[in-house]
**Student:** 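Got a structure for you, written out below as structure tokens; questions coming shortly.
Owing to the predicted nature of the structure, the values given are computational and were not obtained by experimental measurement. Protein chains get the first letters and strands the later ones, always in sequence-line order, with residue 1 at the start of each. Below, all heavy atoms of this structure are taken into account, side chains as well, without hydrogens, waters or symmetry copies.
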Amino acid sequence: MATNATMTVEEPAAIAAGRAAFRADGPGGAAAARLRQQGLDRFTALGLPTRRTEAWRYTDLRDVARTAWTLAPAAVDPAQAAPWLADTDADRRLVLVNGRFRPDLSTPDLPGVTATPLDGLLADGDGAAAAVLDEALTSGERPFLALNTAFLDGGLVVRLAPGATVGRLEIVCLTLPGGDAPAMSHPRLIIEAGDGADATLVERHVGPAGPILTTPVLQITVGAGARLGHYKLQREGGETSHLATVLVQVARDAVYDGFMLSTGGAVARTEVAAVLTGRGGECRLSGTYLGRGRQVLDTTTVVRHAVPDCRSRQVIKGVLDDQARGVFQGRIEVARDAQRTDGYQMNRALLLSPQAEIDSKPELEIFADDVKCSHGATAGELDAEALFYLRSRGLDAERARALLIEAFVVEVLDEIADDAVRQHFTEIVTDWLAADRADHGATAERGAA
Amino acid sequence: MAAVEETLQQIRSVTNERYKYGFVTDIEQETAPKGLDESTIAFISAKKEEPAWLLDWRLKAFRRWQEMPEPNWAKVSFPPIDYQDAYYYAAPKQKVAPNSLDEVDPELLRTYEKLGIPLDEQKVLAGVVAVDAVFDSVSVATTFKAKLAEAGVIFCSISEAVREHPDLVRKYLGSVVPTSDNYFAALNSAVFTDGSFVYVPPGVRCPMELSTYFRINAQNTGQFERTLIIADAGSYVSYLEGCTAPQRDENQLHAAVVELVALDDAEIKYSTVQNWYPGDENGVGGIYNFVTKRAACRGRNSKVSWTQVETGSAITWKYPSCILQGENSVGEFYSVAITNNRQQADTGTKMIHIGRNTRSRIISKGISAGRSDNTYRGLVRMLPGADNARNFTQCDSLLIGDQCGAHTVPYIESRTPTGQVEHEATTSKVSEDQLFYCRQRGIDEEEALALIVNGFCREVLQVLPMEFAVEAQKLVGISLEGSVG
């Protein structure tokens, strides 16, 4: 058929290079070797998504496909990593460099926290760890999760002791290429919050400019009655392709409080699939993305209410300047019998430039009748009346505009429960807005005119 | 309170009245040989005495269709359709083409009478609605043609239009929905048999409502009608579409294409009450309603308004859309979709904003009951250059019972900062408080439900032309019968 002709094009450079870089053996023994092989098979079966793939219709990966990626080196000198850790709290951090856990850069013996390299657990025959990885591989069609599994290297398992109040914990994922060649890293994290644990996780992704592909996968379980704040910060270099997967399970009466701030990368996508598996659970998934240049920032979420009496809430806001593109795809699923579900989702985008673009697909899929679910989405520029109001109070156009943009984004940061994190994220947002304003200073009037 | 009383009366009048259109007219048929290949298309084209260009157009569409995969993205499921196991042309046998209504087979006239569609002009209240009656593959009668011709309005079957107004047909046919648009549109382009054609000349306000009544009668046939409506500059037309089919255990395919063209300052109001046989409570039988409807707002200030009440069909796959090309043009979509038993509906709209200051409004009410699935799927796209475009979308879903599903899948794509898109959707169930209140006032549960659902749909029902609004309100009650208790 006609469609086949276009599909039998030459194999993308990324695939050929990936196949060349692949080795089933490596750290983690036989279990890891089997997983890597299965990851490769799965990735081969799924292929690199194109815009004809429904889940990827708005995010173009042609640049990723035509790059011959090499594996970022396993061993990196600590001195090389140090500058990238300046912003982090040396007393409360766990560091992965190129997917490998680095005890030398991490804080030892945090109370209530057990941090173990994943490859070590697999080598020791830890069936539970292997089962967690197996489950992820077979759940859903996630090519980059499969790719991550194919290149499973170090990885990290973080277990939070039941009932422990852990406080803030930083997890840093850093990618450092060995030379100028395009480099990829595949960080893998399993985070298990024991029953009744209480913790705040800050997940940071940083790295240099230059072509990088990173496919972080986090598998998170929040035990019964536990509370886990999970605040992700993606500030990688301008040529990074960040294709992340986060799988979350929320048990009975547990709270998962997630937030994502995304400002870095050329293409950055975080795909979150959260399942509420126990009654009384709560899942919050909010975030903001700030895009400029030709960035593509993609937030894709599925929140599944598998059982009755759970709540979910999502507020996502984005600001897009220049030719940046924002993508939000969010689905609330309510299973048959998941009665008395309360689901809410709001997505708002602000376009600052005539070339910016927002694509939004908020979905509801509901199979139970006693539910309260709603979603909303808006896109547009600043409210002309609000602008006029401020100007009538004596503010000049540039200040009025800046104030309204800031108000638009900062509002969403209120979703962050942790004060210190909120303050930190707010600074990043206001700095970004100031830098954007400075770059466009001469043309600040363009939208207001 | 009068409105409430009226609704109650309507509901009483339809008690025990399920699918009252499920009868079969016993009439001698003329059919094309079973199956679909190029000779079937040549047969249809020859039957219609079509010019060569139209046969070529059909064959091109057919060849294209053979290369296309059947779409599978909609949230509906059904066993594969055997396109060779159906008749693509079925028409009541008649010796000579009827010149007036007196020559039409009385059996056909009785059928339409039974359906409540008067074809006898004298019996109609002083020219309220002109009707084109399509029976399986052919148009059997069009009323008030002479009166409409006085105003310059052309209203006839598409076959007649091909013969009498070839230039207009050739200019506009396939200009809104190209033959290769999608699988079912390509199929329709290859084998369409009849449908209505409307042309309203510049500056004319069509003196009456136009209406087409589609009736599937023959067994093992599909209906593939094609409707083309052109509102020239400054004109206005309101068009109503109704459809029913006999009650059968087999599924029948209905794949129509409707194209609307509105030029400068023109307005088209298109209303549908879709009541194809929905199948029984176990999902046996019913129509597969796979329809492509699209409007092009080509001129300045042109306006198209789609209103649909979807209660029938085993499966509905339908997205009436507007391409808002002309400056200041307006698109509207008002929809009520009700599914019960094992029905599946995947329906919504597309609003493509191209021109400056274009506006669109989408109000969709989905009601699921029984074991049915009801999906709203819509697209709002604002292209660069659609300065100051505006869209407002509201999708509300109501679930009745815990075995049904309600889904919302909106796509929102904006590439213009001055454009404003607003979308909101809610899903809820019929409130116990409201039901209790009605029951306390002595209204039984089923009537109370119909009352509440009618209220839920009010925003859509009130934009229907009067003739349809009454029928639609009744249908809401009937469709939900047996869904409580």
**Student:** Counting only heavy atoms closer than 4.5 Å, note whether Gln403(B) contacts chain A via side chain, backbone, both or neither.
**Tutor:** both
**Student:** May I ask you to check whether Thr301(A) and Gln314(A) show a side-chain donor-acceptor distance below 3.5 Å?
**Tutor:** yes
**Student:** Under the ring pair (Phe, Tyr, Trp, His ring centres under 6.0 Å) rule, what pairs show up with a residue in residues 343-387 of chain A, not counting sequence neighbours?
**Tutor:** Phe367(A)-His407(B), His375(A)-His423(B)
**Student:** Quick one: what part of Arg57(A) sits under 4.5 Å from any heavy atom of chain B, side chain, backbone, both or neither?
**Tutor:** side chain
**Student:** Are side-chain N/O atoms of Thr426(B) and Ser374(A) paired as donor and acceptor at under 3.5 Å?
**Tutor:** no
**Student:** So, Arg142(A) and Ser139(A): side-chain donor and acceptor under 3.5 Å apart, yes or no?
**Tutor:** yes
**Student:** In terms of heavy-atom proximity below 4.5 Å to chain B, should Ala368(A) be classed as side chain, backbone, both, or neither?
**Tutor:** backbone
**Student:** Assess the side chains of Gln355(A) and Gln323(A): does a donor N or O sit below 3.5 Å from an acceptor N or O?
**Tutor:** no
**Student:** Which one of Met346(A), Lys372(A), Glu357(A) has the most heavy-atom pairs closer than 4.5 Å to chain B?
**Tutor:** Glu357(A)
**Student:** Relative to chain B, which segment of Ala356(A) carries a heavy atom at a distance below 4.5 Å: side chain, backbone, both, or neither?
**Tutor:** backbone
**Student:** So among Tyr183(B), Trp73(B), Phe78(B), which one has a ring-ring contact (aromatic ring centres under 6.0 Å, His included) with Trp317(B)?
**Tutor:** Trp73(B)
**Student:** Checking Asp346(B) against Tyr319(B): is there a side-chain donor and acceptor pair closer than 3.5 Å?
**Tutor:** yes
**Student:** Which atoms of Glu54(A) are under 4.5 Å from chain B, going by heavy atoms: the side chain, the backbone, both sets, or neither?
**Tutor:** side chain
**Student:** Of the backbone (N, CA, C, O) and the side chain (C-beta and beyond), which part of Asp387(B) lies under 4.5 Å from a heavy atom of chain A, both, or neither?
**Tutor:** neither
**Student:** Below 4.5 Å from any heavy atom of chain A, which atoms of Pro384(B) appear? Answer side chain, backbone, both or neither.
**Tutor:** neither
**Student:** Chain A: which of Thr418(B), Thr393(B), Val430(B), Thr416(B) shares the most heavy-atom pairs with it under 4.5 Å?
**Tutor:** Thr418(B)
**Student:** Heavy-atom pairs under 4.5 Å with chain A: which of Gly419(B), Ala406(B), Gly405(B) has the most?
**Tutor:** Ala406(B)
**Student:** At a heavy-atom distance under 4.5 Å, which candidate from Ser428(B), Cys404(B), Cys395(B), Gly385(B) has the highest pair count against chain A?
**Tutor:** Cys404(B)
**Student:** Going by atom types alone, do Gln329(A) and Asp359(A) pair a side-chain donor with an acceptor below 3.5 Å?
**Tutor:** no
**Student:** Which answer fits Gln345(A), side chain, backbone, both or neither, if we ask what part of it has an atom under 4.5 Å from a heavy atom of chain B?
**Tutor:** neither
**Student:** Taking Ser360(A), Ala349(A), Ala384(A), Gly380(A) one by one, which has the highest count of heavy-atom pairs under 4.5 Å against chain B?
**Tutor:** Ser360(A)
**Student:** Holding to salt bridge (charged side-chain N to carboxylate O under 4.0 Å, His left out), I want the full list of residues that pass it with Asp181(B), two or more places apart in sequence or in another chain.
**Tutor:** Arg294(B)
**Student:** At a heavy-atom separation under 4.5 Å, does Tyr58(A) approach chain B through its side chain, its backbone, both, or neither?
**Tutor:** side chain
